[in-house]
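Working notes, structure below.
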Amino acid sequence: MNKTLKGWINYFKLAEVQRFAKDIDGWVRRRLRNIKWRQWKRPWARRCELMRLGLSETKAVMIAFNRRGPWWNSEGFMNIALPKSYFDKLGLVRGRG
């Protein structure tokens with residue numbers, strides 16, 4: 001994935017599209033949070049994982065048991081549970097806008 005991201009960012013730098021790197025960075029991280037959300041499958045597992053990642057029980061229950069879809073949930077509290085630093089530790093390339 002890093003190769004692809006680096007390629008896209010470098011390609012669009014040549015085209016002088018300034019916001020592209022920042023936009024693609026945000027979209028990729030949100031998509032990765034979405035995938036993580038889907039992996040947790042059940043509300044109780046989501047609650048436990050969110051609490052393990054540092055959310056309070058109240059916030060974890062609030063997000064884990066809502067009826068919204070994965071894309072909606074990949075923002076908000078998931079940004080707190082899986083911040084940019086989480087993906088940096090995994091070695092994901094960060095686009096600079």
Side-chain angles (χ1 to χ4, degrees):
M1 181 174 227
N2 278 337
K3 276 186 177 181
T4 305
L5 286 174
K6 283 180 187 177
W8 280 36
I9 289 167
N10 289 331
Y11 175 80
F12 282 101
K13 272 186 192 174
L14 295 174
E16 297 181 13
V17 179
Q18 295 181 1
R19 288 206 33 108
F20 175 77
K22 189 175 181 183
D23 290 345
I24 196 72
D25 181 58
W27 186 89
V28 167
R29 290 174 196 279
R30 186 171 181 186
R31 180 70 175 133
L32 291 172
R33 289 182 188 106
N34 181 333
I35 290 168
K36 197 67 148 166
W37 179 262
R38 288 174 185 262
Q39 286 177 346
W40 295 338
K41 296 192 187 217
R42 297 191 175 174
W44 286 102
R46 290 174 180 155
R47 176 190 159 272
C48 291
E49 289 295 326
L50 289 168
M51 288 174 59
R52 187 181 63 78
L53 290 168
L55 288 180
S56 68
E57 186 175 4
T58 306
K59 288 180 182 178
V61 167
M62 196 166 69
I63 191 170
F65 290 94
N66 71 25
R67 295 286 186 146
R68 307 258 184 173
W71 188 251
W72 188 89
N73 282 309
S74 63
E75 234 177 15
F77 290 125
M78 285 295 283
N79 271 341
I80 297 168
L82 299 173
K84 286 183 179 181
S85 60
Y86 173 82
F87 296 108
D88 290 342
K89 288 177 190 171
L90 294 177
L92 185 68
V93 173
R94 184 184 279 200
R96 307 260 189 244

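Pairing each heavy atom of A64 with each of R47, the nearest pair is CB-N, 3.6 Å. The shortest heavy-atom contact between N34 and S74 is N-CB, 3.6 Å. Summarising the geometry of L82 relative to F87, their closest heavy-atom pair is O-CE1, 3.6 Å, with the distance given to 0.1 Å. Closest approach of W40 and L53 over heavy atoms only: CH2-CD1, 3.8 Å. Nearest heavy atoms, K84 versus R33: N-NH2, 4.1 Å.
Separating the CZ atom in R46 from the CD atom in Q39 is a distance of 11.0 Å, to the nearest 0.5 Å. Taking CZ of R29 as the start and OH of Y86 as the end, the distance is 12.0 Å to the nearest 0.5 Å.
For the salt bridge (Lys or Arg N to Asp or Glu O under 4.0 Å) condition, the pairs that include at least one residue of residues 67-83, sequence neighbours left out, are R30-E75.
W71 and I63 fall within the same hydrophobic cluster, where Ile, Leu, Val, Met, Phe, Trp and Tyr residues are linked whenever their side-chain heavy atoms come under 4.5 Å apart, directly or through other members. Residues W37 and W72 fall into different hydrophobic clusters, defined by Ile, Leu, Val, Met, Phe, Trp and Tyr side chains chained together at heavy-atom separations under 4.5 Å.
Under the 4.0 Å criterion applied to side-chain N and carboxylate O atoms, R52 and E49 are assigned as salt-bridge partners.
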Side chain to side chain contact (heavy atoms under 4.5 Å, CB included) for L50 and F77? Distances and angles first, verdict last.
CA-CA 9 Å; L50 289 168; F77 290 125; 5.9 Å; no
Given the rule in the side chain to side chain contact (heavy atoms under 4.5 Å, CB included) test, do L32 and L90 qualify, once you have shown the distances and angles that lead to the verdict?
CA-CA 12 Å; L32 291 172; L90 294 177; over 6 Å; no
Side chain to side chain contact (heavy atoms under 4.5 Å, CB included) for E57 and V61? Distances and angles first, verdict last.
CA-CA 6 Å; E57 186 175 4; V61 167; 4.2 Å; yes
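Ring geometry for W44 versus F65: interplanar angle over 60°, hence perpendicular rather than tilted (30 to 60°).
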